[in-house]
There are 2 protein chains.
Amino acid sequence: MPNTDQLNAFIAAAESGSFSAAGRRLKKAQSAVSNAVMNLEIETGVDLFDRSTRKPILTAAGEALLKSAYAIMESHNDFTNRARSLNLGEESNLCLAIEQNLFIPPVVHLLVQFERTFPHVELELLDPGENDVPELLRSGRADMGLMLEQENYPQGFHFRGIGHSRRVPVCSKDHPLASLSQVNHSDLRRYRQLIPKSLNLEETRHHEHILSPRVWYAESPFVIAELLCAGLGWASLHESVVQEELTNGELIVLKRTYQQDASLQGIDVGWTEQQAQGPAAKWLLQHLSGLKFNSG
Amino acid sequence: MPNTDQLNAFIAAAESGSFSAAGRRLKKAQSAVSNAVMNLEIETGVDLFDRSTRKPILTAAGEALLKSAYAIMESHNDFTNRARSLNLGEESNLCLAIEQNLFIPPVVHLLVQFERTFPHVELELLDPGENDVPELLRSGRADMGLMLEQENYPQGFHFRGIGHSRRVPVCSKDHPLASLSQVNHSDLRRYRQLIPKSLNLEETRHHEHILSPRVWYAESPFVIAELLCAGLGWASLHESVVQEELTNGELIVLKRTYQQDASLQGIDVGWTEQQAQGPAAKWLLQHLSGLKFNSG
DNA sequence: AGTTTCTATCTGAAAAAGAGATACTTTAAT
DNA sequence: ATTAAAGTATCTCTTTTTCAGATAGAAACT
């Protein structure tokens, strides 16, 4: 098993082209480098350098092993960097629950930035259905969550409003409803309605959104979007979820003759209060709060 | 900078759940493990284990660092494995030139097997045009090559026939030639011919293949296949290159009224004789020889 | 309560690492 | 051709590190 010092000597010698120079760089005697390299050669059984000339030059085998040596030193650096990040109080892992409706490009972009800023923090992402985030926070399963505004929150965590999202009725461009310039309740009632259903079965709020007697339920709003694109029924979805389909024309927004503003729903970020927040959680909270939501 | 022994002690302790057991596993005294872990904790500044109970249990930070420790040991293993493979005489790298006409699924499959058999051998793949492989072998640029049979080889390397490939005239299903039940020379001469051109410009053999006065040249036969699919001209190509397009019907084979068999061309594998072959080269040579070519 | 199994810590011995000196070789310059 | 500079291998001796063994105390199990 190669020793760390031997590897360092090997690398320094290969890079500087001489054992003496390597010794100077490592602040060690030349003999130390010479011994280290020789021991490495003995242990591996591979001739690393060609010593026929004054300056030792890497053999082909040495060149191959040098790459592996670099790989080892890189993982060593990762180790020490991770240790340093832990010393700075950074969380080793963080669980973030983002309601499926809200898993949208700016959030994804924020996560990319997060990865760059905290490369050593492991992030677990949950994408629960509607209204499941509060329970995940309360139970401690998630450390932070992004969710649509609730009427009443369970005890045990903080939350903060950060924007708004608009719920709009949409259907395929080929759907019969698409040909109407305006739709009212009875128009909608004549066609199948697709409804995002919470995993949490006891949760049966949002009755106000159920208009049609012919309903289907789906766990994920993205599944619903797929069905809509296939021309199946209509649904009241958040703009952000179907933004792409709306811009490319696959889906269209239905113009309503009723309740113009009631569908504007707040977006909250919530976090547990029991567990102390580290730098990563603070960063996330701060940047989530600064996000601009497209319909907000 | 963490020491290899310290990391081993850390890992063994984490896995076995006790410093004493780790000591037994590593054939060291318990005190050695205890010291190693403690020193690692001091150097990193991170508490790795919770010692409040009898058996030390990993802290959250310890768990995070354990993963990095595993990564280090894995790269150490890679180092020693590569050293072992070099001791067995395996080449550290190998250059294989495969003429573009012959870069076909069974060869790709063979390379996949090669990668599994010799994970530490770096493979450089060249995909030269027609008739360029012998020069690559002669000059030492490539160690081994797969090529179409040549009339006369330069000195300095061995070769062995391993199969045959059929050259067929093809065109798009929408091309005027496609409507003819049989084609003769004068039919072909009326349309543009696409010809694979060697990188090696002085090489101007295969005049026998040039039939039409209206020719275009392309370096890669795959580029030619693309042009053919777009309905541009016809070409005499190896079946293996356009097999996919032939089966899905995009391209069709033209039935000729002349020289039925002259287009059957041998496939050779060649290798340099100056450089001693290692196990990897031997393996490749043996398995290339065993390949079944679809038109062979 | 007694026994077992564990950890931390101390001590001394053994091993390893490393500095310094020396002899010899190669490269470059005079 | 000779000299000077820079490099390597190897030897010796010192310093440092590593480690086993012993011991005391804590935690779990019977």
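A note on names: the letters A, B, ... follow the listed sequences, proteins ahead of strands, and every chain is numbered from 1.
Side chain of B:Arg54, nearest nucleotide from C:dA28, D:dA28, C:dA8: D:dA28. Of the candidate nucleotides D:dT8, D:dC19, C:dA17, D:dT8 has the atom nearest to the side chain of A:Pro56.
Within residues 33-52 of chain B, the residues that place at least one heavy atom under 4.0 Å from DNA chain C are, in residue-number order, B:Ser34, B:Met38, B:Arg51.
When side chains are defined from C-beta on, B:Phe157 does not count as touching B:Trp271, because their heavy atoms never get closer than 4.5 Å. Taking the side chain as every heavy atom from C-beta outward, B:Phe114 and B:His287 never approach each other to under 4.5 Å.
Between B:Glu90 and B:Arg82 there is no salt bridge, since no side-chain nitrogen of the basic residue lies less than 4.0 Å from a carboxylate oxygen of the acidic one. The existence of a salt bridge linking B:Lys67 and A:Glu122 is confirmed by a sub-4.0 Å separation between a basic side-chain nitrogen and an acidic carboxylate oxygen.
Comparing A:Ala32 and A:Thr53 against DNA chain C, the residue whose closest nucleotide sits nearer the 5' end is A:Ala32. A residue-by-residue look at B:Ser31 and A:Lys27 shows that B:Ser31 has its nearest nucleotide of DNA chain C further toward the 5' end.
On a pure distance criterion of 3.5 Å, a polar donor-acceptor pair joins the side chain of B:Gln30 and the base of C:dA8.
Taking atom CG of residue B:Asn3 and atom C1' of nucleotide C:dA16, one finds them 12 Å apart after rounding to whole Å. Taking atom NZ of B:Lys28 as the reference point, atom P of C:dA15 lies 14 Å away to the nearest angstrom. Counting to the nearest Å, the C1' atom of C:dG18 and the CD atom of A:Gln6 are 13 Å from each other. Separating the NZ atom of A:Lys55 from the C1' atom of D:dT8 is a distance of 13 Å, rounded to the nearest angstrom. One interatomic measurement links the two molecules: CG of A:Asn8 to P of C:dA17, which rounds to 14 Å at whole-angstrom precision. Atoms CZ (A:Phe19) and C1' (D:dT10) sit 14 Å apart, rounded to a whole Å.
A:Ser20 has a side-chain polar atom (N or O) that falls below the 4.0 Å cut-off from OP1 or OP2 of D:dT8. Taking only side-chain nitrogens and oxygens, A:Arg24 comes nearer than 4.0 Å to OP1 or OP2 of D:dG7.
Centroid-to-centroid, the aromatic rings of B:Phe49 and B:Phe19 come within less than 6.0 Å.
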From CA spacing to verdict: side-chain hydrogen bond (donor to acceptor under 3.5 Å, both in side chains), B:Arg84, B:Asn87: CA-CA 5 Å; B:Arg84 183 175 15 252; B:Asn87 275 324; over 6 Å; no

Evaluation steps, side-chain hydrogen bond (donor to acceptor under 3.5 Å, both in side chains), between A:Thr59 and A:Asp50: CA-CA 6 Å; A:Thr59 61; A:Asp50 172 12; over 6 Å; no

